Structures are given as C-alpha cells and as structure tokens.
There are 2 protein chains.
Amino acid sequence: MILIKDKQIDYFVTLLHKASLKATPTRIAVLKVLEKEHKPLSIAILQKRIGEQKIDTATVYRMMQSFQEKGIVRRVDLRHTHAHYELATRADHHHITCERCGKIEDIPWCDLAPIVKKALCQSVTFTQITDHTFELFGICRSCADEE
Amino acid sequence: MILIKDKQIDYFVTLLHKASLKATPTRIAVLKVLEKEHKPLSIAILQKRIGEQKIDTATVYRMMQSFQEKGIVRRVDLRHTHAHYELATRADHHHITCERCGKIEDIPWCDLAPIVKKALCQSVTFTQITDHTFELFGICRSCADEE
DNA sequence: AAGTAATTGCAAAAGATTTGCATTTAGAGT
DNA sequence: ACTCTAAATGCAAATCTTTTGCAATTACTT
Ligand SMILES: [Mn+2]
Ligand SMILES: [Mn+2]
Ligand SMILES: [Zn+2]
Ligand SMILES: [Zn+2]
C-alpha cells in the first residue's frame, strides 16, 4: 500500500504544532472546512459541513477558543446571535454582508493601518492595539432587484 | 404645584414620536440610561442601571429591536457572548476595548468614508452599503502595568 | 372620553455557550 | 515499538442569551 502525502494536511499539522496544539483528526477536519469555505462560519454550520465524523459541539467551541488564542482563527461578528469564525492564516481582510439574505462578499484587503495608528496615538488609556474588526453591511444586487 | 419641564425628556419624546413609537416611561428610562452611560451597554447592564422600575428582559430586547430598526440605537459587537447597544444619535464613532479588563474608550471620530467607498466601488455583488462596524481591541495602560 | 393598536409583563421556549467528569489519544521520551 | 502523561474529546448538564405567545395595560388618535 502506498501512502500518499497530502500537502494540505501536512500544512495544518505544522500549523497546529507550531501553536503547541496536538494535530488531531478532529482539528484537521475543522481546518479543512474553514479553508474550503473561505468565509466566516458559525459553529453550527461548521459542524454540519464536517459531515461524517460528528464532532461534539463542546469540542468545536473549545477548539475555536484555543484556535483564537493561538491566532489560527479570527472571530467575526456579523450581527447574528452567534459568532462566526474564519481562518486567520489569510492576510487581514474584511467582508460585506447583505442585511436581507446574509450573503457575504470578501474585501480582500485592509487599508486601516493609518486609522488604527491615529486612534492609538490619540488614546489616553491604551498603549497597544492588538486587533481590529471592520465589517460592512448593505444590500446585495439580487435583494435590491427583488424590490 | 409647578410642573417643571425636562428638556431631555422632551427631546426623547420627540425622538420617539418622529420614529412613530409611543413615548412610554419605560422607553424614556432606557434612553436616559443610554445617554448617561455614553458607551455600549449590554441588555443586562442596561436593565440594572434602570434600577427602580424593573423592566422585563423581553421588553428590553423588543425595545432594542425596534430602536435599531428606527435608527435610534446602534448595535455594537465587542466579542462578548451578547450584544451591546448605544445611542445612534451621536455622530459616527468607534471604540477601543481592553482585551483584559473590558474597559471601553471612545474614538470620537470616523475616517472610514473613503475606505467604505472604495469597497463599494470594487464590489461585484453590492449596490449599496448601509452601515459599518469598526472596533479596536488592545491592552489598556493599567492592565499593561500589571505585568 | 372612548376606541384601538402598540406596548408591556410574565412564563415558557429556543438558541448559544460553558463546564465537569470520565474516557480516549497524540506525541514525547525511552 | 512501547509506555506514559498531559491534552483533547464526548456526553450530559448547567448556564447564559434571545425570542415568542398571550393576556393585560396604556399612549395616543379621533
Ligand atoms: Mn450565522
Ligand atoms: Mn458585555
Ligand atoms: Zn483590517
Ligand atoms: Zn465609522
């Protein structure tokens, strides 16, 4: 039997090890989904997308927790009543979400550095800024056409 | 007995009527708290701050819902497991939140218009952008000193 | 002053997240 | 390859957050 190496899996294993996390099948499966879907996913959707090897909800929550601490995922708030997560391995980027249908489009860049810097300079209380969120909301073409 | 008119209450009554909402004591009380605290509040805190005339949780949720639709409040996501709300009567502005202690500082301006415009221009799917969120996270001075 | 739709409170349901504990397992060390 | 251990998982229960149905109340129109 020939063992075929999977480039993607190798990458994830390394990613996890660098973060001093064990490379479990569960984690690899979750990372695959996040990579493939390429947009912020809720815990529930994440779980559904994995299919086969059912993963317990508590496990997914704990995973997102530790992934977040290690900088592997990023939490995204889309004004739903639950959090969404996406891979943080991609460069800093943002999204536009449709207020009607929930469609998400990528904004593949981030021009916020100067603004973040300005905010930090003016701040009395803060000595460092570690992170930022920036989300746009609007109406997508197909929802606009419906009216 | 002399009736003394309260400027602030008058203002809130007008605000509500303009939005075709009834000016109830409950709503006035909530608006007063939001005005006074001057920062994004969770439903639970909002309820506590009102003190005296206990307001039911469902009522507060429904209120935030309609206030949001009418543009009276704005929802703010601070990566807690619940939403925060603040008055939308203030000009567009943003916040820095301490990741350790949760302290919130105001950024009393918004320079994002050009970036929002650029995003809309480049977008394939969206014809209009109605709203945006921008939140900074960092470590505040006192939390930094503790280490 | 009366009439009505909007608002509220209460109780229950639904949804989201966290926790405790027993069991399993990845990976370090041999 | 085998052993050992801390880390990770599943399951059940607890907790926290948000929504809903319904009956009673109330702000405002006429
Ligand atoms: Mn969602
Ligand atoms: Mn909070
Ligand atoms: Zn950015
Ligand atoms: Zn802004």
Side-chain angles (χ1 to χ4, degrees), chain A residues 6 9-33 40-70 72-73 75-85 102, chain B residues 9-33 40-48 50-70 72-73 75-85 102:
Chain A
D6 182 328
I9 292 183
D10 276 359
Y11 172 70
F12 288 145
V13 170
T14 310
L15 181 71
L16 288 166
H17 285 171
K18 274 188 195 159
S20 21
L21 294 175
K22 291 185 179 176
T24 67
T26 319
R27 283 176 173 161
I28 305 282
V30 167
L31 289 174
K32 272 187 184 172
V33 172
L41 298 178
S42 68
I43 299 279
I45 297 289
L46 199 44
Q47 230 174 342
K48 241 178 245 160
R49 291 286 182 285
I50 287 170
E52 279 303 324
Q53 66 208 295
K54 305 282 180 204
I55 300 183
D56 191 77
T57 310
T59 304
V60 185
Y61 273 103
R62 281 189 278 233
M63 205 182 293
M64 289 305 108
Q65 190 76 38
S66 57
F67 281 9
Q68 218 180 336
E69 281 159 10
K70 301 296 186 171
I72 295 175
V73 301
R75 180 183 167 145
V76 181
D77 280 312
L78 301 179
R79 289 175 170 167
H80 297 198
T81 53
H82 50 251
H84 293 73
Y85 298 89
Chain B
I9 292 183
D10 275 0
Y11 171 70
F12 288 145
V13 170
T14 310
L15 182 70
L16 289 166
H17 285 171
K18 273 189 197 158
S20 23
L21 294 175
K22 291 186 179 174
T24 67
T26 319
R27 283 176 172 159
I28 305 282
V30 167
L31 289 174
K32 272 187 183 172
V33 172
L41 298 178
S42 67
I43 299 278
I45 296 289
L46 200 44
Q47 232 174 341
K48 242 179 241 159
I50 287 170
E52 279 302 324
Q53 66 208 293
K54 305 281 179 204
I55 301 182
D56 191 77
T57 310
T59 304
V60 185
Y61 273 102
R62 281 189 279 232
M63 205 182 294
M64 290 306 108
Q65 190 78 36
S66 56
F67 281 8
Q68 218 180 335
E69 282 160 9
K70 301 295 186 170
I72 294 174
V73 301
R75 180 182 167 144
V76 181
D77 280 312
L78 302 178
R79 288 174 172 169
H80 296 198
T81 53
H82 49 252
H84 292 73
Y85 299 90

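Every chain is numbered from 1, with letters handed out A, B, ... down the list of sequences. On a predicted model such as this, the values are computed, not experimentally measured, just so you know.
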Distance check: side-chain N/O of [X] vs OP1/OP2 of [N], anything under 4.0 Å?
{"X": "A:Thr59", "N": "D:dG10", "answer": "yes"}
{"X": "B:Thr57", "N": "C:dG9", "answer": "no"}
{"X": "A:His80", "N": "C:dA16", "answer": "no"}

Using 0.5 Å steps for rounding, measure from the [atom1] atom of [X] to the [atom2] atom of [Y].
{"X": "A:Leu21", "Y": "A:Phe67", "atom1": "CG", "atom2": "CZ", "answer": "6.5 Å"}
{"X": "B:Thr24", "Y": "B:Ile55", "atom1": "OG1", "atom2": "CD1", "answer": "8.0 Å"}
{"X": "A:Thr26", "Y": "A:Lys54", "atom1": "OG1", "atom2": "NZ", "answer": "14.0 Å"}

*Remember a base hit wins even if backbone is also touched, and classify A:Ala44 as base, sugar-phosphate or nothing at under 4.0 Å, heavy atoms.*
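Since no nucleic acid heavy atom lies under 4.0 Å of A:Ala44, the category is nothing.
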
*asked:* What's B:Thr26 touching, base or sugar-phosphate or nothing? Going by heavy atoms closer than 4.0 Å.
replied: sugar-phosphate

Choose from [options] the nucleotide whose nearest atom is closest to any side-chain atom of [X].
{"X": "B:Asp56", "options": "D:dT9, C:dG9, C:dG27", "result": "C:dG9"}
{"X": "A:Met63", "options": "D:dT9, C:dT7, C:dG9", "result": "D:dT9"}
{"X": "A:Arg62", "options": "C:dT7, D:dC11, C:dT8", "result": "D:dC11"}
{"X": "B:Lys22", "options": "D:dT26, C:dA26, C:dT19", "result": "D:dT26"}
{"X": "A:His82", "options": "C:dA16, C:dT18, C:dT7", "result": "C:dA16"}
{"X": "B:Ile43", "options": "D:dT18, C:dA11, D:dT17", "result": "D:dT18"}
{"X": "A:Ile55", "options": "D:dG10, C:dT8, D:dC28", "result": "D:dG10"}

*So B:Ile9 and B:Lys32, side chain to side chain contact (heavy atoms under 4.5 Å, CB included) or not? Walk me through it.*
CA-CA 8 Å; B:Ile9 292 183; B:Lys32 272 187 183 172; 3.9 Å; yes

*Main-chain N/O of A:Lys22 paired to A:Arg27 side chain as donor or acceptor, under 3.5 Å*: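 A pair under 3.5 Å: yes.
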
Could you tell me the separation between the [atom1] atom of [X] and the [atom2] atom of [N], rounded to a whole number of Å?
{"X": "B:His84", "N": "D:dC16", "atom1": "NE2", "atom2": "C1'", "answer": "14 Å"}
{"X": "A:Phe67", "N": "C:dT17", "atom1": "CZ", "atom2": "P", "answer": "17 Å"}
{"X": "A:His17", "N": "C:dA28", "atom1": "NE2", "atom2": "P", "answer": "7 Å"}
{"X": "A:Tyr61", "N": "D:dA14", "atom1": "OH", "atom2": "P", "answer": "19 Å"}
{"X": "B:Leu16", "N": "C:dA6", "atom1": "CG", "atom2": "P", "answer": "16 Å"}
{"X": "A:Gln53", "N": "C:dT25", "atom1": "CD", "atom2": "C1'", "answer": "15 Å"}
{"X": "A:Lys70", "N": "D:dA8", "atom1": "NZ", "atom2": "C1'", "answer": "14 Å"}
{"X": "A:Gln47", "N": "D:dC11", "atom1": "CD", "atom2": "P", "answer": "11 Å"}

_Closest-nucleotide ordering on DNA chain D, the 5'-leading residue of B:Tyr85 and A:Thr24_ =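 By nearest-heavy-atom nucleotide position, the 5'-most residue is A:Thr24.
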
*DNA chain C: B:Lys54 or B:Thr81, which has the more 5' nearest nucleotide?*
B:Lys54

*Taking the inter-plane angle between the rings of A:His84 and A:His82 on a 0 to 90° scale, is it parallel (under 30°), tilted (30 to 60°) or perpendicular (over 60°)?*
tilted

